[in-house]
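Take a look at the structure below.
These values consider heavy atoms only, across backbone and side chains, with no hydrogens, waters or symmetry-generated copies. All ligand and atom numbering here is 1-based and tracks the order in the structure.
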Amino acid sequence: MTRIIDGNSLAAIVREQAAIQVQEFEQQTGTTIGLAVVLVGDDPASAVYVRMKESDCAQVGIRTFDHRLPADTSQAELLDLIDCLNADSAVHGILVQLPLPDHCDEEEIIARILPEKDVDGFTATSLGLTIRGQDGIRACTPLGVMRMLDYYGIDIEGKHAVVVGRSTIVGKPQSLLLLAANATVTVCHSYTQDLPSVCRQADILVVAAGSAKLIDKSCIKCGAVVIDVGINRGEDGLIGDVDFESVAPLASAITPVPGGVGPMTRAMLVENTVQAALKAGSLRQNT
Ligand code: NDP
């Protein structure tokens with residue numbers, strides 16, 4: 001029997017726990033946890049993501065500071081805003097919705113966010129701490145995937161995990177987290193030769209390529225766990241990177257799209273924001 005990994009239900013559990021922590025934090029410090037959300041331009045998909053993230057925050061009691069800026073906002077203006085948010089003690093986390101318009105240097109903007117407020121886990125510091133296995137904020141999507149594997153009791157240790165995609169925000173940190181959990185990890189990308197045969201070695205297959213239905217049954221070992229990070233827009237709505245219909249019968253567990261990794265990514269943003277606030281709170285107490 002294939003288990004369908006239900007990201008919506010698990011995300012709801014994460015939010016319930018976060019709501020309790022938010023309330024306790026408020027009682028102990030008299031401060032509401034705050035997340036600054038920066039959206040530049042009018043990309044409709046980004047606007048939807050931001051709306052959903054803000055709604056998650058509202059649900060758990062996190063206050064959001066909305067910064068919606070026109071598409072022609074300059075790099076200097078954005079950097080100034082990040083500096084202000086870094087300095088604002090009411091802001092515990094900063095989310096800059098990507099992609100930014102073409103004229104913006106994303107790397108420079110992300111690098112400007114204080115690591116302790118980097119709740120997306122995208123800065124070089126967060127990634128460096130991930131590599132070193134040290135305490136720090138982990139990128140939301142890979143963290144959400146790890147949480148799903150854990151919740152569903154999926155054994156990672158000693159297993160062969162194959163990650164398709166090597167982006168800095170998903171593929172690379174995902175491979176690091178799987179490695180830290182003692183999987184043997186293979187990372188695939190657009191230069192990988194014979195992708196199906198590499199994927200067929202996977203006990204755990206995580207796909208984050210951004211290519212609709214790239215992975216079909218020819219890529220699956222019987223009993224594999226298949227995690228589909230991909231979000232592609234088709235005529236009938238969202239499509240994953242995995243051809244769910246052909247793959248599900250072979251898999252022991254699989255995430256759907258939508259309703260799999262997406263909600264968990266947002267839940268981890270909430271959790272990272274709470275953790276950032278708790279850390280800031282305890283640092284203040286110790287100084
Ligand atoms: P990127 O475009 O930054 O990276 C895609 C990666 O996939 C690259 O490393 C690329 O290889 C590799 N790749 C692309 N096509 C192939 C192929 N045919 N065979 C093998 N490898 C391939 O994307 P992201 O990592 O940002 O996102 C990946 C997908 O996940 C997207 O659909 C995105 O929308 C989705 N996403 C979903 C989230 C969620 O919450 N569910 C969160 C974040 C992203 P190369 O490096 O060689 O170019």
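Of the polar atoms of Tyr191, none of the N or O atoms is found under 3.5 Å from an N or O of ligand 1, judged by distance alone. For ligand 1, one of its N or O atoms has an N or O atom of Val229 under 3.5 Å away. Geometrically, ligand 1 and Ile231 share a nitrogen or oxygen pair separated by less than 3.5 Å. At under 3.5 Å, not a single nitrogen or oxygen of Asp241, backbone or side chain, sits near a nitrogen or oxygen of ligand 1. For Ser190, a nitrogen or oxygen atom sits less than 3.5 Å from a nitrogen or oxygen atom of ligand 1, counting backbone and side chain alike.
Taking 4.0 Å as the cut-off between side-chain N and carboxylate O, Asp241 and Lys213 do not count as a salt-bridged pair. With salt bridges taken as basic N to acidic carboxylate O contacts below 4.0 Å, one links Arg147 and Glu271. Here Arg68 pairs with Glu54 in a salt bridge; the nearest charged N to carboxylate O distance falls below 4.0 Å. Between Lys217 and Asp243 no salt bridge is recorded (no basic side-chain N to carboxylate O distance below 4.0 Å).
Listed by number with element, the atoms of ligand 1 under 4.0 Å from a non-hydrogen atom of Ile169 are 26 (O). Near Arg166, with a cut-off below 4.0 Å to any heavy atom, the atoms of ligand 1 are 6 (C), 8 (C), 9 (O), 45 (P), 46 (O), 47 (O). Short contacts between ligand 1 and Thr141, defined as distances under 4.0 Å to a heavy atom of the residue, involve ligand atoms 40 (O), 42 (C), 43 (C). Atom numbering of ligand 1 starts at 1 in the shown order; those under 4.0 Å from a heavy atom of Gly262 are 40 (O), 41 (N).
For the ligand labelled ligand 1, residue Thr192 lies outside the 4.0 Å heavy-atom shell. Heavy-atom distances between Ala208 and ligand 1 reach below 4.0 Å in at least one pair.
Of the options Thr168, Val170, Thr265, the smallest heavy-atom separation from atom 27 (O) of ligand 1 is shown by Val170. If you check each of Gly210, Ala209, Pro258 against atom 5 (C) of ligand 1, the one with the closest non-hydrogen atom is Ala209. Counting heavy atoms only, Leu214 comes closest to atom 17 (C) of ligand 1 of the residues Val261, Leu214, Val187.
A distance of 7.0 Å separates CG in Asp72 from NE2 in His103, rounded to the nearest 0.5 Å.
The protein heavy-atom contact nearest to atom 4 (O) of ligand 1 is Ser167 CB, 3.7 Å. The shortest contact between atom 12 (C) of ligand 1 and any protein heavy atom is with Gly165 CA, 3.9 Å.
Applying side-chain contact (heavy atoms from CB on, under 4.5 Å) to Arg3 and the options Ile154, Ile254, Val225 leaves one that passes, Ile154. The side-chain contact (heavy atoms from CB on, under 4.5 Å) test with Ile110 is passed by exactly one of Leu100, Ile94, Leu98: Leu98.
Inside a 4.0 Å radius of atom 2 (O) of ligand 1 there is not any protein heavy atom.
Between His92 and Phe25, a ring centre-to-centre spacing shorter than 6.0 Å is recorded.
Of all heavy-atom pairs between Leu214 and Cys219, the closest is O-SG, 4.5 Å. Nearest heavy-atom pair across Cys188 and Val198 is SG-CG1, 3.6 Å.
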